[in-house]
Amino acid sequence: MFFWIVQRDLLLAMRRRSDVLTTLFFFVIVVSLFPLSVGPEMNMLRMMAPGVVWVAALLASMLSLGRLFSNDYLDGTLEQMLLSSQSLSILVLGKALAHWLVTGVPLVLMAPVLGIQYDLPVDALFVLTTSLLLGTPVLSLIGAIGAALTLGLRGGGVLVSLLVLPLYIPVLIFGAGSVEADMAGLDYDAHLSLLGAFLLVSIVFAPWAAASSLRVSME
Amino acid sequence: MDWSNWSEFLAMGGYGIYVWGSYLVTFACVIGEILLIFKRRRTLVKRYGQIFDANGEDTSYQDDKTAV
Amino acid sequence: MLQGSDLACVRGDRNLFKAVNFILKDGGLMQVNGPNGSGKTSLLRILCGLSAPAAGKITWNGKSVRTLGEAYYSELVYIGHLSGTKDDLTALENLRISSAFSGENISEHQAVEALVDMGLGGREHLPAKVLSQGQRRRVALARLLVSKAKLWILDEPLAALDVSAIQLVKNLLERHLKENGMIVMTTHQDIDMTAASIVQLQLT
Amino acid sequence: MAINWYKYASPASFYSLAGRMIPFFAILAFGLLVAGLYIGFFVAPTDFQQGEAYRIIFIHVPAAWMSMFLYVVMALWAGIGLAFNTRLSSMMATAIAPTGAMFTFVALWTGSLWGKPMWGTWWVWDARLTSELILLFLYIGFMSLQAAIDDPRRADKAGAIIALVGVINIPIIYFSVQWWNTLHQGASVSVTQAPTMASTMLTGMMVMVFAAWMYAIAVILKRVRVIILERERHTAWVSELNERGAL
């Protein structure tokens with residue numbers, strides 16, 4: 001059943017390919033804005049690169065959170081999901097995984113390219129990509145809770161970011177921190193292992209919390 | 001700590017702005033919060049007065065959010 | 001056997017209904033009647049566990065629905081006002097996925113057969129967004145053909161259907177009742193159907 | 001005792017109980033406040049390091065503690081409301097949020113005013129101030145979520161979930177900010193490296209903490225009474241109270 005929901009969402013995403021690209025283009029545009037605003041001076045950009053790329057990734061993945069459940073809510077499929085014989089948490093995990101595959105993975109693949117734009121050394125690019133690889137699923141999982149809570153509310157999009165941003169901060173700190181540590185020559189395994197820990201914790205708790213939020217929102 | 005006169009107390013050893021700045025804002029927030037609750041309460045009691053007395057039994061179905 | 005004991009529902013500030021009791025046995029049909037806004041849909045949503053009643057309890061074979069959770073859902077099919085079909089997916093994909101939700105992975109062939117039975121032959125591979133409202137209702141109702149659930153909860157199943165579809169759905173319901181299935185439904189048309197027991201629940 | 005306790009769980013009886021308790025807490029809060037201020041300004045000596053500027057501590061630290069404490073209490077009440085479906089506990093959580101947010105704002109304001117004489121800048125990215133700022137975002141998130149949902153029952157439960165998720169994240173946020181702070185600035189002077197506290201300073205601060213506590217209880221009870229009235233409009237006891245003009 002888990003693969004049904006993931007397959008369905010990927011099928012939906014492929015049928016509406018523009019959603020995938022808008023998130024990616026948003027990410028690229030935001031990252032390229034900074035050199036224009038801060039000036040092309042290289043070592044300044046190199047210093048800022050991790051923070052800029054991570055904040056842009058965070059905002060890009062939050063962009064599409066609003067639609068995570070609202071389409072299903074409007075056409076009634078969400079009701080069917082709540083009434084499915086499969087536990088709701090598994091279905092929510094599936095949806096978060098689909099969201100990550102559609103928004104998170106393109107960001108991870110695009111990040112090295114943008115890193116070069118910021119003249120990041122090669123091993124820093126590697127650390128950046130792995131940190132994004134570990135961090136973006138956490139963004140999708142925690143974001144699923146925010147999306148579930150603000151289902152069907154007017155102004156829900158803004159509200160999701162207000163609810164979810166404070167919870168993203170640890171991921172942001174250790175994500176950007178790992179790249180900075182690497183560029184400063186320190187070892188970055190501590191950061192990545194913490195990101196991995198966040199990932200495990202959110203895989204266990206976030207779907208359950210999002211499922212109960214869905215039940216509350218659908219009362 | 002005995003302040004010889006009033007103006008020395010106000011000057012607070014040169015840090016007057018910061019000390020009184022923070023105390024004033026704190027008390028402003030406290031008083032403001034209390035006034036807000038009283039205002040919220042007064043409008044509510046007044047509104048209930050109209051609803052219940054006007055027709056004895058509450059018939060007007062207003063959503064609380066819009067009324068207050 | 002589905003039983004509701006003194007159910008009550010509050011929507012916002014107003015209580016829609018109070019002290020609603022009923023018992024529905026195998027092969028029984030319960031029709032929920034009442035003017036618009038009397039809480040019929042709310043009652044159906046409470047019956048299938050989507051929302052909690054303000055008071056009272058619902059039991060399925062003696063056990064409370066709340067504790068049963070997924071076990072109860074696997075015995076139940078709910079078709080509400082919303083058709084539950086994704087516009088971008090074809091009718092076939094919609095049917096296979098919605099039946100997968102209720103745990104019955106049906107084969108492509110079964111799905112096509114069900115769609116043909118519902119009069120959608122030749123339109124299986126059309127995306128749902130090009131189908132009319134009536135056709136989309138047929139896709140939703142096609143789930144009843146493939147579902148093995150015992151309890152059907154249908155919110156105005158006959159709405160937006162043409163005469164032939166209505167007759168088709170009626171035969172479907174009768175067949176389900178004969179096989180000892182149970183149906184709770186709301187409808188504004190009068191249905192002359194034979195069933196082991198017909199319960200009329202009137203909501204004021 | 002349990003039966004008695006349950007009696008007060010019903011909004012109607014709690015409404016009158018709270019009504020009787022508020023004056024008690026209000027007077028206590030006022031008394032403690034006056035005592036605290038007196039000790040703070042007239043008994044506590046000048047600090048050899050910071051001169052008179054340290055006197056801001058008498059409201060900064062109580063406010064910071066209260067903001068943290070109230071969030072946890074709010075999450076506790078919200079959790080009880082979610083688990084046992086008792087409307088009163090959820091109302092309590094909704095009543096706590098604004099006071100908690102107010103204390104957080106005060107802590108930030110006094111923190112930055114204290115930072116100015118110490119480091120010459122209004123805002124210093126100190127670990128505790130930053131976590132306080134994030135706590136303010138959590139409060140605002142809770143309040144705006146509840147404001148956006150019309151149906152009170154859904155608002156309570158949704159608020160409860162975000163409060164519980166928030167309270168689990170507070171230690172994580174605190175330690176990651178703490179860790180982040182040490183990485184970037186090395187062991188910078190943090191606001192709370194409180195000067196060696198003379199006993200009178202300490203007592204002054206503790207009195208102020210209790211004053212803040214009493215004040216918080218009084219204000220929260222006051223607000224919860226209003227919320228009870230707003231939510232229980234259709235009950236008999238509200239209209240009966242209204243007739244007697246005893247609202």
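Within every chain, numbering begins at 1; the chains are lettered A, B, ... in the order of the sequence lines, protein sequences first and strands thereafter.
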How many angstroms lie between CG in C:Leu89 and CG in A:Leu12, if you round to the nearest 0.5 Å?
-> 4.5 Å

Greatest number of non-hydrogen atom pairs under 4.5 angstrom with chain C, of A:Ile5, A:Asp75, A:Asp72, A:Asn71, falls to A:Asp75

Could you walk me through whether A:Glu79 and C:Phe101 pass the side chain to side chain contact (heavy atoms under 4.5 Å, CB included) test, one step at a time?
-> CA-CA 10 Å; A:Glu79 263 171 4; C:Phe101 280 152; over 6 Å; no

Is the count of non-hydrogen atoms from other residues, nucleotides or ligands lying under 6.0 Å from A:Phe126 atom CZ greater than 12?
-> no

Contact winner vs chain A - C:Ser83, C:Gly80, C:Ala52, C:Gly69, heavy-atom pairs under 4.5 Å | C:Ala52

Tell me, side chain or backbone of C:Ser98 under 4.5 Å from chain A's heavy atoms, or both, or neither?
-> neither

Greatest number of non-hydrogen atom pairs under 4.5 angstrom with chain A, of C:Asn94, C:Leu82, C:Ile46, falls to C:Leu82

Charged N-O contact under 4.0 Å between C:Arg45 and A:Glu219 | no

Between C:Ala128, C:Ala100, C:Ser74, which residue shows the highest count of heavy-atom pairs closer than 4.5 Å to chain A?
-> C:Ala100

Go through the steps for C:Lys86 and A:Arg8 under the test side chain to side chain contact (heavy atoms under 4.5 Å, CB included), then give the verdict.
-> CA-CA 10 Å; C:Lys86 298 297 280 184; A:Arg8 181 199 80 149; 3.9 Å; yes

Taking all atoms of both residues into account, what is the closest heavy-atom pair of C:Tyr73 and A:Leu82, and its distance?
-> CE1-O, 3.7 Å

Please confirm whether the backbone N or O of C:Tyr78 pairs with a side-chain atom of A:Gln80, one donor and one acceptor, at under 3.5 Å?
-> yes

Region of C:Glu75 in contact with chain A, defined by heavy-atom distances below 4.5 Å | neither

Look up atom CD1 in C:Ile97 and atom OG in A:Ser84, then write down how far apart they are to the nearest 0.5 Å.
-> 13.0 Å

